[in-house]
Amino acid sequence: MDFEEFFQHWKRPRGFYDTMNFQDARINEDGTIALSVRVTEDLTNYYGNAQGGVIFALADTAAGMMLVAQGRAGMTLNGSISYFKPSSLGAVMTATVFPRKVGKGTGTFLVEIRDDLGIHVADCTFTMYYLGDLKF
């Protein structure tokens, strides 16, 4: 199973993934991972912008997809986020994952979130714990 097949299998309708309605996952030529979500009414806060937890969930999920691209199973040990500007209803937010340190047991990743209007929404840093090789 390749990355695209995994993404299609992974995003099948169920709970959280159904609510988030992830649009696209891809491996870029530079080795980064990109995962996108459209800001729907279900994902907005009182002000009509993407809710902060949605932005964090997008980043965390994208960091996990980086592990998939590396052929590893894992989980988040730690995550932190800095919010810069809101992303509004209808925008498509894309989380791009940049590996910072890939070790034997853990990895650290920077996740940058921008929307299709050019807004730099947030930056996140995640430390991921490797559970072993990914088995399909």
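Here, residue 1 is the first one in the sequence, and each next residue gets the next number.
Applying the side-chain contact (heavy atoms from CB on, under 4.5 Å) test to D30 and every residue at least two apart in sequence or in another chain returns N28, T32.
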(request) Determine, step by step, whether S82 and D123 satisfy the side chain to side chain donor-acceptor pair (under 3.5 Å) criterion, reporting the C-alpha distance in whole Å, the side-chain angles of both residues, the deciding distance to 0.1 Å, and the verdict. (result) CA-CA 5 Å; S82 294; D123 279 345; over 6 Å; no
(request) Apply side-chain contact (heavy atoms from CB on, under 4.5 Å) to the pair M93 and L58, showing each step before the final yes or no. (result) CA-CA 9 Å; M93 295 188 298; L58 170 61; 3.9 Å; yes
(request) Dump the intermediate steps for side-chain contact (heavy atoms from CB on, under 4.5 Å) on F109 and M128, then the final yes or no. (result) CA-CA 8 Å; F109 305 93; M128 308 297 281; 3.6 Å; yes
(request) Kindly determine whether V97 and M65 satisfy side-chain contact (heavy atoms from CB on, under 4.5 Å), including the steps that lead there. (result) CA-CA 9 Å; V97 184; M65 294 300 286; over 6 Å; no
(message) The test is side-chain contact (heavy atoms from CB on, under 4.5 Å); show your working for T96 and V111 and say whether it passes.
(response) CA-CA 5 Å; T96 304; V111 182; over 6 Å; no
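The list of ring pair (Phe, Tyr, Trp, His ring centres under 6.0 Å) pairs with a residue in residues 24-74, not counting sequence neighbours, reads F56-F126. Within the structure, every pair that satisfies the ring pair (Phe, Tyr, Trp, His ring centres under 6.0 Å) test and touches residues 59-98, not counting sequence neighbours, is listed here: F84-H120.
Distance check, rounded to the nearest 0.5 Å: CE of M20 to OG1 of T61 gives 6.0 Å. Rounded to the nearest 0.5 angstrom, T94 OG1 and D116 CG are separated by 7.5 Å. Note: M66 CE to I27 CD1 = 8.5 Å, rounded to the nearest 0.5 Å. To the nearest 0.5 Å, the span separating CG on D60 from CD1 on I55 amounts to 13.5 Å. In this structure, I113 CD1 and L35 CG are separated by 9.5 Å, a value rounded to the nearest 0.5 Å. Between atom CE of residue M75 and atom OH of residue Y130 there is a gap of 14.0 Å, rounded to the nearest 0.5 Å.
Closest heavy-atom contact between C124 and A59: SG-CB, 3.5 Å. Residue V121 comes nearest to S87 through the heavy atom pair CG2-CB, 3.8 Å, listed as atom of the first residue, atom of the second, then distance. Minimum interatomic distance between L117 and S88 (heavy atoms only, all atoms of both residues): CD1-OG, 4.4 Å.
Proximity of V37 to L43: side-chain heavy atoms (C-beta onward) are separated by under 4.5 Å at one or more points.
The backbone N or O of S36 lies less than 3.5 Å from no partner atom in the side chain of D24, so there is not a single donor-acceptor pair. Of the possible polar contacts, one joining the D115 side chain to the G118 backbone as a donor-acceptor pair under 3.5 Å is found. Between the Q70 side chain and the R72 main chain, no donor and acceptor come within less than 3.5 Å of each other. Listed for the R38 side chain is a donor-acceptor partner under 3.5 Å among the backbone atoms of G90. Looking at Q23, its side chain does come within 3.5 Å of a backbone N or O of N21 through a donor-acceptor pair.
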